[in-house]
Every structure is written in structure tokens, then in C-alpha cells.
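Working notes for the structure below.
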Amino acid sequence: MMCRSFAAMLLSWFALIAPVAGAADYPVRPITFVVPWGAGGGTDSVGRIFALLLERDLGKPVNVVNRTGGSGVVGHSAIAGARPDGYTIGVLTVEIAMMHHQGLTRLSGASFTPLGLINFDPTAIQVRPDSPYAGLGELLNAIRAHPGKLKASGTAQGGIWHVSLCGLLHEQRIPPGAVVWVPSNSNAAGLLDLVAGGVDLVPGSHPEGRSLIDAGKVKSLVILDEKPSRLYPNVPTGVQAIGTRWTMGAWRGIGAPRNLPKAIEARLQAAVRKAYESKEYEDFMHQRGFGLRWAGPDEFAAYMAKADEQLGSVMKAVGLAK
Amino acid sequence: MRLNDTLSGWLMLILGLTIVACALTFPPMPGQNIGPALFPQIIGGGLAFCGVALVRSGRRAGGPAWVEMDDWVGRPRMVFNFALVVGALVFYALAVDTLGFFITGFVFLAGLFFSFGVRRRWIAPVAAAVTLALHFGFYTLLRVPLPWGWLERFAW
Amino acid sequence: MQHVLEAFRLVCDPLVLGVVLGSALFGLFVGAMPGLTATMAVALLVPVTFNLPPLPAIAAMVTATAMAIFAGDIPGALLRIPGTPASAAYCDEAYAMTRNGEAETMLGAGLVFSAIGGLFGTVVLVTTAPALAEVALKFSSFEYFWLVTLGLTCAVFIAPGRPLKGLASLLIGLLIATVGFENPAAYPRFTFGSDELMSGFQLTPVMIGMFAVSEVIRYAVTRDVPLEVPKQGIGRIFRGQGALLRKYPLAALRGSALGTVVGALPGAGADIAAWISYGLSKRFSKTPEKYGTGHVEGVIEAGSANNSALSAAWIPALVFGVPGDSITAIVIGVLYLKGMNPGPTIFIENPQNIYAVFIIFFLANLLMLPLGWMAIKAAKNVLRVPRNVLMPVILLFCVVGAFAINNSIFDVGVMLAFGLLAWFMEANRFPIAPTILGLVLGGMLEQNFVTSMIKADGAPGAFFGRPIAGTLGVATLLVWLSPLALRWRRGRRAARADKVARVS
């Protein structure tokens, strides 16, 4: 009896004094910030600093939530499927342009409201310091001469670094199967296998290889980008090594579910831009060695569409796509 | 509920064979000499083996009945309790996004307290206090986004 | 020496000491909450560390994780909910002790031997970090394969009752581990088209379901059978711990040493250390028959192992910037942010900073004793709560804990399903610990086997082709074969005795 009257009292009380919150005073409560990868990884750390900066601007807590699994499928679906009220946003990673080619999801970059591209890390190729290959040209020649002998690792089967390596080989007219891919759970795990002598090369980004490169356990052979990397300016670019402008890499952006109310979309766009341009973000990215790259909402949408097409054509060419 | 070893053996054998059959449909992965089917097949085979061994030992031991119900099954009150625990969890999973954590948690606790025979006048205050405390610990301190549901406009 | 003094001065800063105390309380809280792991404790601390100078930032993480791993034992012992996966290995043992009225001894042992393990790991970290890190880097998939196989072997030792049912339970765990998309071939298996199942079954909801929910169900259906936990005071938890240390010095040492080695490996952490050392503890114990009935020896060994693994995970992290577990993965990021770049030079460039971190390690593990005592004192009140109030509260805790790990209602369903499965299995005398072990190790087993076979171009001889892999492989085979050999010898001796008896 008491229980019922208590509940009834509560409900009537709520009904009476409930204020109506609209888009004008957004945000009025905490925002959930979905990171589609686990705590401890690169996406997680970029996501956490970005959430902190957004929180400072928006004035309400921005809570990081790791929704992991299925190479990002679960987290990206959580963002795309959330109510478009501005209270669920999250990090979009390069996998969103890859997973649907593999038939793992229907989502693509077009399933989101893009808010801004905040990071890009191009592919670099790492080998052991005592490896016989002085440059990318020699490595490619060795692959050409002995197809199936060299082994590479650094991500799961069909992950970005796998596709990236295949894309490079394809562009150089080497059959992608000429390097055997050893799947690994993370780039760090692949690098450890490289150090332990299990594989011969590991494509990946410079920040991921940084600690082992600094420790002298791993050598970076080439960075496949137009300009040298900020962390290791002495590592030759693709053009310097073999004259190729071919590039591919991992990127991260901020996105929200589709059909966001215009006022909220504008508020979030401004907040994302402000966070990106803040000194803290720049310092953080430089400290960690992550690459800065900005694209506003429209350019980000175009960027995702282009990446989607490029990745898709490589994946189809090498048989990774359905 | 206790199953006769022979019966659990048969169930396990069926499960193992089903898994092996499912795994046969997994395609090989080009570039990998061991496909995704091998491990499920080994596990399914292992389960089938355990099943056969259980059937044999169950036969040898002999058993009175295929299925032996625990004595609580005869008592409606206990059957109700069992259904209640399962039902409470199902209720929580279905309702929490709509009703929000406060209402769902309160109803969840109050219902279980009531049928476990907690004194009536304690039910509402304890349920409310525990719900609030859990919300404070997980939502406020640990930033777990417990849903607000109907109470969204009061969210803090 | 001058650096050490300087380091002490750095640590004695009021801000540092304040942060250590605050994060210790935070770590105890997170560890005792089901569903929130020590990794989560660190992830939640990250935004706080942005505003702190380097040393307090690191100190916060060191202290919080050490406390969290210990605190995971408390709900495991009192409520059969392992607070963190690292406590799952001996959760049943601890709960059995509480039901025997020995909660005091259990929690005291958990606390004291956690501290001992943590200190042991720290000593190794301080003294031999560079050398041990070099060895750890020699581990590739071949070595990990044997390590995982050795871990799985433990299932046979830890399972009470018939080995056949233990094996079946292990296979069920391995089967659960195959679900999802995260396998070497990246092929979605047994997902039935569900997005949520793509990531497979997460350990935490399964664990909470199998241990805690099954216990609540059991309570619900036997409610009129008085299930009395003996009246027990938890006051003097340190009483008798000295005697335990004198009685089981070998267990504490073996647990700490094994934990340190496993923790230092980049591919294995505190959970696996606890499982393997609990299994080995039973294997080498003089009284293996007591395991599972509330026997403290395994708790001592595994409890020290998980804390020493935690300290040792910092070895590859500091020396090569290679994470020893998911906790140090976050820590490495913070180290970079604070300009203390990990690598061999960290010992040369800022020696006073790194010594200060070592001092924090000792401090945290010593502080664990008084703070852990307070936490136990506070938690013991749980046993005074009438069970008809306690059980629904536990159930709601489980629900929120299962939700918290991935913020998904799906995991609440997973928890319920596995709660029912475990309840059914236990009613039919299938042990559940091997299932959890299978789930913990299944993915690693397949990953390391498949990648090894790719690397070896399909030649199985490679599993013995490297020095460490060969040694581990032979050791594993010996552990497997020794019970068979023993039984065979015993059988022959019995046959001979039989023959002698017949002749005479």
C-alpha cells in the first residue's frame, strides 16, 4: 500500500514540475561519447582527450563509453542507431569505410552526421633493425623474387594495415598473396612478433611503433605519405623511396546519428571545431605522436566517401571483399 | 533439475555433432592453412566424445529416471520464486530503456523483496535507498550511463 | 644513491601523498564493484591525470590498480561475485570458506598475500626489469601457445569431481569462446546475424552470471531450507596470517614468482596468472582433496599471483613501452603525455622519477594493509544483512555490473542465460570453473595456434623448434603425462602386490 502511494506521489510530482528541454538550451544533461574500440588503445586515448575538451565547451559531462567488438561494428552501430538528439555522439574510425565491403554491416560513412575529421596516420612499414632490406625498393624486390616467403602482421585479417599492404603491392603490380598475412589482435602484438622473429615486416602507423623504434628494436623503412612524419623526419616517404605517391592510412573523426536537429548539429560542429583547434589537443597529439588532420563536416563526408571507394577497390582486387 | 547421465550424454552428443555440422559450412580462409572451421570441429568432436562416455557410464550406473526433479518443483511457492528471479531480469532488460533506471530498479527490488517476505514497511524505503545508492555509485562516480527513460527531463 | 634520496623527496610531496590516498580509496571502490575491472579504474583516472604533474599522475594509476585487484576478492568471498576477472579463479574457494565461517581468515589471507605478491613483483621490477623484459620479448605465438595449453591443463586439476565432467565443462567454455568475429580468419561464427554477437561473449557478464546469478537462483528455490552462514566476527583479520605464511611459504613464493613471470609477458595478465597458479597450487599441494571445500592454500597462491602480475606488467611497459596488459597500455599513453617516454633510456634520463615510481609501488602495496583492513571491516556488514534483502540487492548489482562493462542491455541477457546454464550445470555436478577458464583462454589458444601454423608454413615441428617454446612444450607434455605414468605405476604395483598375495 505504502509502496503504491509512494510511487504515485513520485509520478505526480514529476508530471507537475517537469520542465521541457528543447534544442535551444542543448545540452541539459550528460552526453554519451561512444568509442568503438577498447580502453587502452589509440582510439580510446584520442577519444578521451576529445571528450574532455568537448565537455569543457559544452558545459555538461561528456562520458566516454567503450563499445567494443566485431572490429568496430558494435560501436559504430551504437552511434548510428542512437536517438538523434545530440546526446549520443562518438568516434568514427577508418573501419566504417571497410566493414560493409566485407559484408559485416550495412553501415557506411553515409549513415552518420559527420562533425569533423580529427586525425590521420599514414601507413609506415617497420622491419627488424638487422633486416637485410635497406629500403622499400629492396623489400619489394625480395617479395617479387620469393613470393610467399615473407610474412607480415600488424592487425586482424582484413584490417586497415592488411588492406594497406595489399593496396601497395597491388599498385606495384605484385600479387597481394606474395606476402603471407599473419593476423594479430593489435599493431603492438604484430610488432612484438616482429621483434621475437615471427614475422618479417609490419605495416602500421608511426605512433604505434614509436616505443619499439625508440628502443632500437624496430626500424621504420618508409612512410607512405606526401610529407615526412613529424615523429621520424628521417624516414623516407614513398616518393623518396620508390617514387610512388600511393597513400592509405588510419583516420578518426567525430560523428553523430543521422537526422540531428539543425540547431544541435550546428552547436556540435562548433564544439568539435573548437576542441580540434585548442592548444591542449594539439599538444596531446604531438606528445603522443598522432597525426593532426582537419576536415569540416562537409569535407569529412566527402573524405569518407573517397576512402570508402579506395578501400573498396583494393579489397575487391585482393579478394577481401564479399 | 537433475538429468540422468545417459540423457545429458545424449544431449551433449547431439550438441557436439550439430557444431561439427555447422562448422563444415565455414569457408576456408585464403592465405591461412587453418580455416575457421578447425577449432569448432575439434570442440564439437570433444563434446560428442564426452557425450558418448557419459552415455556409457550412465548406462552402467543405471538410473531410476531420465529426469529427476528437485523437491522444490513440487512446491508452487518455490517455482514461483524461480520464475520471479528470471522474470525480474527479463523485466529489467526490457523495461529499463523506456522506464529508466530509477523506476525499473525500484520495481525490480520491491517485487523481489515482497515475494522473499521482507517486512512490508521496509520494502519501499530500502528499495528506494538501494536504487539511489547504486545510481550514485555507478552513474555519478563511475560515469556509467544508466538510462533515464521517462525521467529524462530530470537527468543530471 | 643521490637519485634515491631525491626520489624520496619527490614522493614526500603532500600532493603526491594525497593523490595516493585518494586513488587508493577509488581503486578499492572500483575493484569491489562487480563489472568494473582494474582497467576501467585506470581509464576513469585518465581525465584526472591530464591536470596532474607526472609523478602524481603515475602514482594514481599504480595505487588504484593494486587496490582494485585486491578488492576484487571481497565480493568474491562474501557474495560469490568476483569483483574483477583476476579473482574468478579462486572465487568458489573463497565463498566456500565464508560459508564455513572462515571469512575472516579468507579476507585476511587475500589482503596479506596480495600485498606480499605485489611487493615481490615490485622487487623484481626494481632489480631485474631490463633483463626480464628482454626475455619477455622472445615470446612469440609458439611460446604463448604452450603457455595457454599449460593453463588449460589446469582445468583438469581445478575441477572437483569427475574429470569427464570437468572436460565437458572446459569444452563448453572453449565453444563459447569461438562465438563471434574476432578469430584469426575474421569469419563470423555462430553469430546468427546478430551485431552484438559479432564481438562474442564478454567475460564479465558471463562470469557474473555463472557465479552470482546462479547463486541467487539457488537461494530463490531453496528459500525455506535454512541456509545459514555461521555467525562470524570479522575483526582481527590479521590474526593467524603469520602462521599461514609459515605453513605455506612455498605457495606464496611460487604464486608470486609465477605471477611475476606471467605478468611480465606482454600477452598475458593477472587473470591468467591467477588461473595457472591456482591450478598448479592444487597439482603440487600435499592436500589436493581439500581444494574446493574452502581451503586457504590455493587462495594464498593465486591471490599473490594476481598482484605480482600487476606489478610485473610494468616491466615491458617501462623498458620497451610494450604493454604487459590492458592497464599498462593506458599507462604508457599517460607516460608519453607526461614526457616520461618509456624505453631503455627512462632509467638513464630521469632516474629520480623512475625511482620515485618504484617507491610509490612499495608505498601502495604497504598502504593496502591498513586500507584493505578498513574496506573489509566496512564490507563485512554485508553478512549481517538478512538474506532476503541481500539477494535482490546482489541481483541488481549484477545487472548494473554486467551493463557497465559495455553499456549494453544485451549483456544483461547474456548474464541471465549463463546464470541459468551454470545453475543447471551445478545441479548436474558439472563444475563451472573450467567453463570460465575455457572462455578466458579459448581465443588465445586458437589465435596462437593458427598464427604459429601460418608462420611455420604448416609444419607442426616448429612448436618445438625454438628454445623457450621447446622447453615449455616438453614441460606441458610432462604435466599431462605424469598422472598417467603415476597411475600406470600404481596399477602395476597393485597388480604385483595382487600376484604376491595370490602366490603366498
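FYI, side chains are in, hydrogens and waters are out, and symmetry mates aren't considered; it's all heavy atoms of this structure. All figures in this text were calculated on a predicted structure; none of them were measured in a lab. Numbered from 1 within each chain, the chains take letters A, B, ... in sequence-line order.
Checked for salt-bridge contact, C:K165 and B:D5 meet the test: a charged N lies under 4.0 Å from a carboxylate O.
The greatest number of non-hydrogen atom pairs below 4.5 Å with chain C, out of B:L15, B:V86, B:V126, is found for B:V86. Ranked by non-hydrogen atom pairs under 4.5 Å with chain B, the options C:V412, C:I409, C:V389 are led by C:V389. Taking C:P392, C:C398, C:A186 one by one and counting their heavy-atom pairs under 4.5 Å with chain B, the maximum is reached by C:P392. With chain C as the partner, the residue from B:I19, B:L112, B:I43 showing the most heavy-atom pairs under 4.5 Å is B:I43. Ranked by heavy-atom pairs under 4.5 Å with chain C, the first of B:L142, B:D97, B:V144 is B:L142. With chain B as the partner, the residue from C:A404, C:A185, C:G419 showing the most heavy-atom pairs under 4.5 Å is C:A185. Note: B:P145 leads B:A23, B:G46, B:P145 in heavy-atom pairs under 4.5 Å with chain C. Ranked by heavy-atom pairs under 4.5 Å with chain B, the list C:V400, C:T451, C:V30, C:V216 is led by C:V400. Contacts with chain B were tallied for C:F430, C:F26, C:F29; C:F29 has the most, counting heavy-atom pairs under 4.5 Å. Counting heavy-atom pairs closer than 4.5 Å to chain B, the top-ranked of the candidates C:V450, C:L445, C:L395 is C:L395.
Residues of residues 131-140 of chain B having a heavy atom under 4.5 Å from any heavy atom of chain C, listed by number: B:L134, B:G137, B:F138.
Between C:I217 atom CD1 and B:L84 atom CG the span is 11.5 Å, to the nearest 0.5 Å. Interatomic distance, CE of B:M12 versus CG of C:L164, reported as 7.5 Å (0.5 Å rounding). Atom CG of C:N388 and atom CZ of B:R119 lie 10.0 Å apart (nearest 0.5 Å).
With a 4.5 Å cut-off on non-hydrogen atoms, B:V96 touches chain C through its side chain but not through its backbone. Only the side chain of C:V399 comes within less than 4.5 Å of a heavy atom of chain B; its backbone N, CA, C and O stay farther away. Residue contact with chain C, scored on non-hydrogen atoms closer than 4.5 Å, is absent for B:I42. With a threshold of 4.5 angstrom between heavy atoms, C:L420 approaches chain B through side-chain atoms but not through N, CA, C or O. Proximity to chain C involves both the backbone and the side chain of B:V118, based on heavy atoms less than 4.5 angstrom apart. Within the 4.5 angstrom heavy-atom criterion, no atom of C:F410 approaches chain B. If you measure heavy-atom distances from B:F101 to chain C, the contacts under 4.5 Å come from the side chain alone. When heavy atoms are compared at a cutoff of 4.5 Å, C:L44 approaches chain B solely by way of its side chain, counted from C-beta outward. Only the side chain of B:L38 comes within less than 4.5 Å of a heavy atom of chain C; its backbone N, CA, C and O stay farther away. For B:F108, the part sitting under 4.5 Å from any heavy atom of chain C is the side chain, from C-beta outward, and nothing else.
The heavy-atom pair separating B:V85 from C:A220 by the smallest distance is CG2-CB, 3.6 Å. Listed here is the closest heavy atom pair of C:G458 and B:N33: N-ND2, 3.2 Å.
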N/O donor-acceptor pairs under 3.5 Å from side chains in residues 166-177 of chain C, not counting sequence neighbours:
unit_1	atom_1	unit_2	atom_2	d
C:S169	OG	C:P431	O	2.6
C:S169	OG	C:T435	N	3.2
C:S169	OG	C:T435	OG1	2.7

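Taking the side chain as every heavy atom from C-beta outward, C:L396 and B:F106 never approach each other to under 4.5 Å. Within the 4.5 Å cutoff, no side-chain heavy atoms of C:E446 are placed close to those of B:I34. Residues B:V130 and C:F397 have side chains not in contact (no heavy-atom distance under 4.5 Å, counting atoms from C-beta outward).
Aromatic ring pairs are classed by plane angle as parallel below 30°, tilted from 30° to 60° and perpendicular above 60°; the pair B:F116 and C:Y219 is perpendicular.
In B:F114, the CZ atom is not crowded: 12 or fewer heavy atoms of neighbouring residues, nucleotides or ligands sit closer than 6.0 Å.
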Side chain to side chain contact (heavy atoms under 4.5 Å, CB included) for C:W423 and B:F82? Distances and angles first, verdict last. CA-CA 11 Å; C:W423 172 75; B:F82 174 81; 3.8 Å; yes
